[in-house]
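Structure record follows, encoded as structure tokens.
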There are 2 protein chains.
Amino acid sequence: MEDRKPVDPPHPARDVTEHVGYRLKRTAAALRGAMDKALREHGLTVPQYACLELLDQQPGLSNAELARGAFVTRQSMNVVLRGLQDAGLIFRPASADHGRALPAHLTAEGRSRLDAARSVVYAIERHMVDTVPQRRLAALLADLDRMAAALGG
Amino acid sequence: MEDRKPVDPPHPARDVTEHVGYRLKRTAAALRGAMDKALREHGLTVPQYACLELLDQQPGLSNAELARGAFVTRQSMNVVLRGLQDAGLIFRPASADHGRALPAHLTAEGRSRLDAARSVVYAIERHMVDTVPQRRLAALLADLDRMAAALGG
DNA sequence: CCGCTTATGTCAAAGTCCTGACATCAAGGA
DNA sequence: TCCTTGATGTCAGGACTTTGACATAAGCGG
């Protein structure tokens, strides 16, 4: 145990840029920026795209459920939904049959717009993921999950 | 039917929540939320804390340099700096001797506030990092770096 | 020396997002 | 039954961030 010569303690690195949190934010910011730039050419924002993607895979999600899925508040998701609805990309019934939750669904145009945007987003993600060794990918996903769970995500 | 065949293709997972980008955003959002809640008790926002941390390790950074380090625009960082300056946590000379960049420095109060906030932030990060197996940590950092670099971060 | 490029700080305007608050609705227990 | 709890949709206000633009200043090559 005393053969350990580095003066700096291994855990709290002296440089913040060495911290996991900093790297995490850095990578997330880079991904957000790349997606933002690519989606702008398709007339979509990142939250809008996330909303469409969620609705494609789980039709009928309510505003609150979409908000949790996109990691924003209900209020923010509400304006996103209004925008998508005004653009004719999604459809919501005027009133709910059960409870207050209004189930949202993609329109035909919404689905085609999503397909177009999906191709560029997937290309970005592919380019990003291809830089990590394939056999580490599962571990990476698991680690991200564990960290999120530890923080109450 | 055969035993447990991988019906879903391994690469473009059908469920967005399986994508690396989604997990990344999820984890980053969880960390941001935890930090936001903890820092609020210290009267600091996350960008303000990031700014103090950067200035502690690299005194004399300019507005633009801090903005790049905190992954925000120069305009946003300018607002952050004004707030920190009004609160007496940082100090900037009124005019620059060389160029237009105004080097910022922590005040004594800024340093003490940072020390207090740092303890809770480090506790959060420690709790998060402790969930990933120690021998994977270096690989995790490397993978995050590679992904950010691939995206031009 | 002069023009060009790059980088910086700043301002104005808009958009985005969150906090706080309120009313509604379903479910469960006293 | 009542009513407490939890979840949802919505509104208003403010805080934060970004986009676009402009003027200034250093570096460089002609």
Side-chain angles (χ1 to χ4, degrees), chain A residues 25 28-41 43-51 54-55 58 60-87 90-104, chain B residues 25 28-41 43-51 54-55 58 60-87 90-104:
Chain A
K25 186 173 180 180
L31 175 59
R32 169 70 181 239
M35 285 181 63
D36 206 63
K37 193 183 73 173
L39 286 174
R40 194 172 312 158
E41 301 170 1
L44 289 176
T45 66
V46 172
Q48 283 175 335
Y49 167 75
C51 183
L54 287 169
L55 279 178
Q58 301 180 47
L61 285 181
S62 69
N63 178 24
E65 292 169 324
L66 288 168
R68 281 190 293 268
F71 315 112
V72 296
T73 61
R74 289 166 292 174
Q75 295 85 336
S76 297
M77 182 53 70
N78 196 13
V79 304
V80 171
L81 284 178
R82 283 178 185 274
L84 290 174
Q85 199 163 5
D86 292 347
I90 69 165
F91 168 79
R92 274 192 298 178
S95 64
D97 51 350
H98 178 72
R100 295 193 70 189
L102 299 176
Chain B
K25 186 173 180 181
L31 175 60
R32 170 69 181 241
M35 285 180 62
D36 206 63
K37 193 183 72 173
L39 285 174
R40 195 172 310 158
E41 302 170 0
L44 290 175
T45 65
V46 172
Q48 283 176 336
Y49 167 76
C51 182
L54 286 170
L55 279 179
Q58 300 179 48
L61 285 181
S62 69
N63 179 24
E65 291 169 327
L66 288 167
R68 281 191 293 268
F71 313 112
V72 295
T73 61
R74 288 167 301 181
Q75 293 86 338
S76 298
M77 182 53 70
N78 197 12
V79 178
V80 171
L81 284 178
R82 283 177 184 274
L84 290 174
Q85 200 164 3
D86 291 347
I90 69 165
F91 169 79
R92 274 192 297 177
S95 64
D97 51 350
H98 177 72
R100 294 193 70 189
L102 299 177

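Chain A is the first sequence line, chain B the second, and so forth, proteins listed ahead of strands; every chain is numbered from 1.
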So do Leu55(B) and Cys51(B) actually touch side chain to side chain, heavy atoms under 4.5 Å?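 Yes, close enough: below the 4.5 Å cut-off.
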Within the structure provided, determine whether Arg32(B) and Val46(B) are in side-chain contact (heavy-atom separation under 4.5 Å).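 Yes - at least one pair of side-chain heavy atoms lies under 4.5 Å apart.
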Which residues pass the side-chain hydrogen bond (donor to acceptor under 3.5 Å, both in side chains) test with Arg40(B), sequence neighbours left out?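 So Arg40(B) forms a side-chain hydrogen bond (donor to acceptor under 3.5 Å, both in side chains) with Asp36(B).
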Once you round it to whole Å, what is the distance between [atom2] of [N] and [atom1] of [X]?
X         : N       : atom1 : atom2 : value
Leu81(A)  : dC17(C) : CG    : C1'   : 15 Å
Lys37(B)  : dT19(C) : NZ    : C1'   : 16 Å
Leu66(B)  : dT10(C) : CG    : C1'   : 16 Å
Asn63(A)  : dC18(C) : CG    : P     : 12 Å
Leu102(A) : dA7(D)  : CG    : C1'   : 14 Å

Among pairs that include at least one residue of residues 78-87 of chain B, which meet side-chain hydrogen bond (donor to acceptor under 3.5 Å, both in side chains), considering only residues two or more places apart or in two chains?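 Output for this query lists Gln85(B)-Arg92(B).
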Within residues 69-79 of chain A: residues closer than 4.0 Å to DNA chain C (heavy atoms):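 Of all residues in residues 69-79 of chain A, the ones placing a heavy atom under 4.0 Å from DNA chain C are Val72(A), Thr73(A), Gln75(A), Ser76(A).
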Arg40(A) side chain near dT19(D) phosphate (N/O to OP1/OP2, under 4.0 Å):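 Yes, because at least one side-chain N or O of Arg40(A) sits under 4.0 Å from OP1 or OP2 of dT19(D).
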Protein-nucleotides 13-16 of chain C N/O pairs closer than 3.5 Å?
none

Tell me which donor-acceptor pairs under 3.5 Å the side chains of residues 61-71 of chain A have, and how far apart each pair is, sequence neighbours excluded?
from, atom 1, to, atom 2, distance (Å)
Ser62(A), OG, Glu65(A), N, 3.4
Ser62(A), OG, Glu65(A), OE1, 3.2
Asn63(A), ND2, Arg74(A), O, 3.4
Glu65(A), OE1, Ser62(A), N, 2.8

Map Arg92(B) and Asp36(B) onto DNA chain C by nearest heavy atom, then report which one ends up closer to the 5' terminus.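 Closer to the 5' end of DNA chain C: Arg92(B).
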Would you give the length of the straight line joining atom CG of Leu84(B) to atom OH of Tyr49(B), rounded to the nearest 0.5 angstrom?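 It is 13.0 Å, given to the nearest 0.5 Å.
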For the residue pair Pro103(B) and Pro93(B), what are the closest heavy atoms and their distance?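 Heavy atoms only, the tightest pair is O-CD, 3.1 Å.
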